[in-house]
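Quantities reported herein were computed from a predicted structural model and do not represent experimental measurements. Labels below follow one simple rule: chain letters A, B, ... track the order of the sequence lines, proteins then strands, and each chain is numbered from 1.
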Protein chains: 2
Amino acid sequence: MIKTEIIFSNLKRNGHRLTKTRKAIVSALLTSECPLSAFDLKARLLDGDVEVNKTTVYRELAFLVKHNVIHEIQFGDGKTRYRVCPDGHHHHAICVKCSKVDEIIMENDLAAHEKKLDKLINFKVLHHTLEFFGLCKACNNAELKKRAAR
Amino acid sequence: MIKTEIIFSNLKRNGHRLTKTRKAIVSALLTSECPLSAFDLKARLLDGDVEVNKTTVYRELAFLVKHNVIHEIQFGDGKTRYRVCPDGHHHHAICVKCSKVDEIIMENDLAAHEKKLDKLINFKVLHHTLEFFGLCKACNNAELKKRAAR
DNA sequence: TTTGCAAATGCAACCTGGTTGCGAAAGAGA
DNA sequence: TCTCTTTCGCAACCAGGTTGCATTTGCAAA
Ligand SMILES: [Mn+2]
Ligand SMILES: [Mn+2]
Ligand SMILES: [Zn+2]
Ligand SMILES: [Zn+2]
């Protein structure tokens, strides 16, 4: 069974409706290579001939977050982005040129640092965010080429 | 020479004016125990009988960021916060209850991880953000007491 | 000390991302 | 098909932040 079907049947099983908006948003987020903002999403739905009001988009996103289907990501540019909940915790490598986003999974995450925080200042970590900003392969190559041409 | 004087004389030396707003904002950020939003700042200036228009606050903050006196911090709640540039790179431990913010300096930061990113996916890291969200000592103690009382 | 000018300020209007109230439309089980 | 909710669209709203423009102010040269 593909991921879309799993999500849809879980929602159904929990007594939620499968509206065209709901299906379209989940599908769009599943097929997107990077997290989407509400605005991005609205545009994408329109590409697939599903016209939805922005209020509906926001409400549907809130619904899907509440039911653990998707989650929010903040890149600090004032726009909340969304993606389908991944199987595990991870971070992001965000290209400052083209905005491409890669998921980063760390073998030994920051558990040791979190324990240290507890010991040193009695701070009990509930969660953390770690984002890397820089140049993706393509953008870095482009940059190098430009520099070589001079 | 105290930090305030160093900052003021640097600004002066670079041909910038020392307006009452500028001095008040730098002083407020220097004495604040945590990063302040534009709104927080405006309120604090008013406490010190310095009334400033919000536009002026934003413009002054932009000026100070541009001249490396302060820098922005994003905690993902839609408000940009500001603090005086610290001497080095660091992270934050943010209490989800009382919003207290502690600076965290890591002995061996994430340089190894950044190198790995380069090797594995050719991503050139320019900078990163790492924030820990959880309960500060006081809030955690309060929580424990509450639970014990039941 | 006065004067001249660029830098800084206040105000009103604007922008963007996101939210709310409410009546109308549409899922889905009976 | 009927009925009960959930969901939808619309218009109005809110918060954080920005812009254009006319006025004021810091400060240094005269
Ligand atoms: Mn992690
Ligand atoms: Mn670091
Ligand atoms: Zn890129
Ligand atoms: Zn706290």
Side-chain angles (χ1 to χ4, degrees), chain A residues 7-28 35-46 48-67 69-83 99, chain B residues 7-28 35-46 48-67 69-83 99:
Chain A
I7 292 174
F8 289 172
S9 63
N10 279 346
L11 284 171
K12 205 98 215 245
R13 186 159 37 76
N14 293 327
H16 302 301
R17 291 186 188 171
L18 290 184
T19 64
K20 73 173 199 301
T21 309
R22 186 157 297 162
K23 289 192 279 186
I25 287 183
V26 171
S27 303
L36 300 176
S37 67
F39 185 89
D40 298 338
L41 206 38
K42 188 163 153 31
R44 261 190 215 211
L45 297 199
L46 202 56
D49 283 316
V50 177
E51 188 166 1
V52 224
N53 186 274
K54 74 166 178 169
T55 308
T56 305
V57 174
Y58 281 112
R59 284 202 271 234
E60 188 55 33
L61 288 169
F63 170 93
L64 292 170
V65 167
K66 186 177 166 194
H67 293 91
V69 176
I70 63 174
H71 70 149
E72 306 186 347
I73 308 171
Q74 232 68 50
F75 290 159
D77 64 350
K79 290 180 203 172
T80 303
R81 266 157 256 251
Y82 300 85
R83 54 166 299 120
S99 297
Chain B
I7 292 175
F8 289 171
S9 64
N10 279 345
L11 284 171
K12 206 104 218 238
R13 186 158 36 77
N14 293 327
H16 301 300
R17 291 186 188 171
L18 290 184
T19 63
K20 73 174 199 300
T21 310
R22 185 157 297 163
K23 288 191 278 187
I25 286 182
V26 171
S27 303
L36 299 176
S37 68
F39 185 89
D40 298 338
L41 207 38
K42 188 163 153 31
R44 259 186 217 215
L45 297 200
L46 202 56
D49 284 315
V50 178
E51 188 166 2
V52 224
N53 185 274
K54 72 166 180 171
T55 308
T56 305
V57 174
Y58 281 111
R59 285 200 270 234
E60 189 55 34
L61 287 168
F63 170 92
L64 292 170
V65 166
K66 186 177 166 192
H67 293 92
V69 176
I70 64 175
H71 70 147
E72 306 186 346
I73 309 172
Q74 231 68 48
F75 290 160
D77 64 350
K79 290 181 204 172
T80 302
R81 265 157 255 251
Y82 300 84
R83 54 168 298 122
S99 297

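Chain B approaches DNA chain C within less than 4.0 angstrom (heavy atoms of the protein), and the contacting nucleotides run 5' to 3' from dA6(C) to dA12(C).
With sequence neighbours left out, Arg44(A) forms a salt bridge (Lys or Arg N to Asp or Glu O under 4.0 Å) with no residue at all. Residues passing the side chain to side chain donor-acceptor pair (under 3.5 Å) test with Thr80(A) are Gln74(A), sequence neighbours excluded. When the side chain to side chain contact (heavy atoms under 4.5 Å, CB included) test is applied to Lys12(A), the partners found at least two apart in sequence or on another chain are Leu18(A). A search for salt bridge (Lys or Arg N to Asp or Glu O under 4.0 Å) contacts involving Asp40(B) returns nothing, not counting sequence neighbours. Scanning for ring pair (Phe, Tyr, Trp, His ring centres under 6.0 Å) contacts around His16(B) gives Phe63(B), His67(B), with sequence neighbours left out.
Between the CG atom of Asn14(A) and the C1' atom of dT6(D) there is a distance of 15 Å, given to the nearest Å. What separates CZ of Arg22(A) from P of dT5(D) is a distance of 17 Å, to the nearest Å. Computed from coordinates, the His16(A) NE2 to dT7(D) C1' distance equals 13 Å when rounded to whole Å.
Across Ala28(B) and Leu45(B), no two heavy atoms sit closer than the pair CB-CD2, 4.1 Å.
Interatomic distance, NZ of Lys79(B) versus CG of Leu36(B), reported as 11.5 Å (0.5 Å rounding).
With contacts defined as side-chain heavy-atom distances shorter than 4.5 Å, the pair Arg81(B)/Glu72(B) does not qualify. Annotation: side chain of Leu41(A) is in contact with side chain of Leu61(A) (closest heavy-atom distance under 4.5 Å).
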What N/O pairs connect the protein and nucleotides 1-4 of chain D at under 3.5 Å? Give each pair on its own line.
none

- prompt: Reading nucleotides 12-22 of chain D 5' to 3', which nucleotides get B (base under 4.0 Å from a protein heavy atom), which S (sugar-phosphate only), which -?
  reply: ----SBBBBB-
For a quick test of your reading: what N or O donor-acceptor pairs under 3.5 Å do the side chains of residues 49-56 of chain B make, sequence neighbours left out?
unit_1: Asn53(B); atom_1: OD1; unit_2: Thr55(B); atom_2: N; d: 2.8
unit_1: Asn53(B); atom_1: OD1; unit_2: Thr55(B); atom_2: OG1; d: 3.0

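Annotation: of the two residues near DNA chain D, Gly15(A) and Thr56(A), the 5′-most nearest-nucleotide partner is Gly15(A).
Using modelled atom types, no side-chain atom of Arg83(A) and backbone atom of Ile73(A) make a donor-acceptor pair closer than 3.5 Å.
Residue-level contact check: Lys12(B) touches the backbone only, with heavy atoms under 4.0 Å from sugar-phosphate atoms and none from bases.
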